[in-house]
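Below is one structure, written out as structure tokens; comments come after it.
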There are 2 protein chains.
Amino acid sequence: MTEVTEGLDQQVSDLVFAYDAAYGRAAQTVSLSAAQACLLEHLTADGCSMGELAGELLCDASNVTQLVSRLEARGLVARVPDPADRRIKRVSITPAGQRVRDAVRRAFDFPSDRLGRLTQPERHQLAALLAKVLA
Amino acid sequence: MTEVTEGLDQQVSDLVFAYDAAYGRAAQTVSLSAAQACLLEHLTADGCSMGELAGELLCDASNVTQLVSRLEARGLVARVPDPADRRIKRVSITPAGQRVRDAVRRAFDFPSDRLGRLTQPERHQLAALLAKVLA
DNA sequence: TATTGTTATACTCTATAACTATA
DNA sequence: TATAGTTATAGAGTATAACAATA
């Protein structure tokens with residue numbers, strides 16, 4: 001049993017390593033860092049504030065400022081001041097940003113290459129197990 | 001079914017995010033970056049060459065040089081020239097490095113906090129599914 | 001006075017290119 | 001000449017502290 005547990009820990013570690021590597025490669029295909037692609041992926045239709053993004057990405061607001069500035073310089077996002085509270089800036093994705101984001105999604109082959117090895121019943125099994133782990 | 005697949009993709013993404021965050025926090029408890037802790041974790045008893053480490057960590061050799069230099073400056077690893085081929089330097093972990101590595105392992109609460117939510121049969125199930133995904 | 005975001009700064013991660021030492 | 005590793009350099013990620021604008 002200890003063996004199984006240690007084996008499982010290692011497997012999860014391997015999974016995370018493979019996932020991160022695949023995500024980095026996908027981002028690189030459009031000259032984005034993983035952090036930039038991740039931010040792009042977190043943007044909602046109505047636009048997120050800088051603070052909300054920092055909270056979701058678990059990083060400092062000053063870091064978000066830099067990431068958004070680089071994405072904005074490439075025309076992938078825009079800062080829109082909130083009319084109701086002009087301290088707040090909402091970050092929205094531009095059409096060019098949507099195209100780049102879609103390209104990252106298409107290039108990200110982990111779901112199809114790896115999770116695609118499971119049958120449909122196995123996917124349900126895995127989903128149930130992960131639900132418990134992530135609850 | 002599409003719903004389930006998309007849900008599964010998101011769950012795996014959430015798992016990776018939670019894992020990475022937990023690992024970073026664990027490393028931070030001993031003032032290591034995640035990259036430094038990861039290198040420390042990859043060291044074997046006989047010592048890895050710089051090139052082997054670069055291969056395992058999927059990064060450039062010059063990056064390994066810097067990481068090892070910082071760990072060496074803290075007395076956590078040592079560079080030992082290979083007697084058979086003096087171009088090669090084997091990186092070995094010091095007793096202080098072992099203590100720090102163990103501290104990271106103890107502080108890394110993901111396996112106990114998250115995987116610990118599964119029963120033993122569920123762990124076997126998950127291990128079997130991950131074996132297929134990682135094969 | 002409190003909050004949102006930015007700026008200045010510093011350190012780390014990471015890669016590329018040029019270099020040294022050894023084979 | 002080829003290989004292992006380092007150095008120099010540069011761009012990006014990240015946090016802290018100080019700051020500006022707004023509430």
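Sequence lines set the chain letters: A, B, ... in the order given, protein chains first and strands last, and positions in each chain run from 1. Treat the numbers as computed from the prediction; the structure is a model and nothing was measured. Below, all heavy atoms of this structure are taken into account, side chains as well, without hydrogens, waters or symmetry copies.
With A:V68 as the fixed residue, the side-chain contact (heavy atoms from CB on, under 4.5 Å) test singles out one of A:L71, A:T65, A:V64: A:V64.
Looking at residues 25-33 of chain B, you'll see that no heavy atom sits under 4.0 Å from any atom of DNA chain D. The stretch residues 66-82 of chain A touches DNA chain D through A:Q66, A:L67, A:R70, each having a heavy atom under 4.0 angstrom from the strand. Residues from residues 44-53 of chain A placing a heavy atom under 4.0 Å of any atom in DNA chain C, listed by number, are A:S49, A:M50, A:G51.
Nearest heavy atom pair, residue A:V133 against residue B:R117, reads O-NH1, 3.1 Å.
Residue A:K89 holds its NZ atom at 12.0 Å from OG of A:S49, rounded to the nearest 0.5 Å. Rounding to the nearest 0.5 angstrom, the gap separating the CG atom in A:L134 from the OG atom in B:S13 is 10.0 Å.
Considering only residues two or more places apart in sequence or on other chains, B:A128 meets the side chain to side chain contact (heavy atoms under 4.5 Å, CB included) condition with none of them. Considering only residues two or more places apart in sequence or on other chains, B:E72 meets the side chain to side chain contact (heavy atoms under 4.5 Å, CB included) condition with B:V77, B:R79. For A:S92, the side chain to side chain contact (heavy atoms under 4.5 Å, CB included) test picks out A:A78, A:V80, with sequence neighbours left out. Residues satisfying the side chain to side chain contact (heavy atoms under 4.5 Å, CB included) test with B:T119, not counting sequence neighbours, are A:K132, B:P121, B:E122.
For the pair B:L57 and B:C38, the minimum side-chain heavy-atom distance is below 4.5 Å. Side chains of A:L76 and A:I93 form no contact here, defined as non-hydrogen atoms less than 4.5 Å apart.
If you find the closest nucleotide of DNA chain D to A:Q36 and to B:I88, the one lying nearer the 5' end belongs to B:I88.
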Distance-only donor-acceptor hits, side chain of residues 99-110 of chain A, under 3.5 Å, sequence neighbours excluded:
{"from": "A:R105", "atom 1": "NE", "to": "A:E41", "atom 2": "OE1", "distance (Å)": "3.4"}
{"from": "A:R105", "atom 1": "NE", "to": "A:E41", "atom 2": "OE2", "distance (Å)": "2.9"}
{"from": "A:R105", "atom 1": "NH2", "to": "A:E41", "atom 2": "OE2", "distance (Å)": "2.6"}

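Under the 3.5 Å distance criterion, with hydrogens and angles disregarded, no donor-acceptor pair is assigned to the side chains of A:Q28 and A:R25.
When DNA chain D is scanned 5' to 3' for any atom under 4.0 Å from a heavy atom of chain A, the first and last hits are D:dA12 to D:dA23.
The list of ring-ring contact (aromatic ring centres under 6.0 Å, His included) pairs with a residue in residues 31-77 of chain A, not counting sequence neighbours, is empty. Applying the ring-ring contact (aromatic ring centres under 6.0 Å, His included) test to every pair with at least one member in residues 63-104 of chain B, sequence neighbours left out, gives no pairs at all.
Without hydrogens or angle criteria, A:Q36 side chain to A:S33 main chain gives a donor-acceptor distance under 3.5 Å.
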Return the polar atom pairs (N/O with N/O) between nucleotides 16-22 of chain C and the protein under 3.5 Å, or none.
{"from": "C:dT16", "atom 1": "O4", "to": "B:S62", "atom 2": "OG", "distance (Å)": "2.8"}

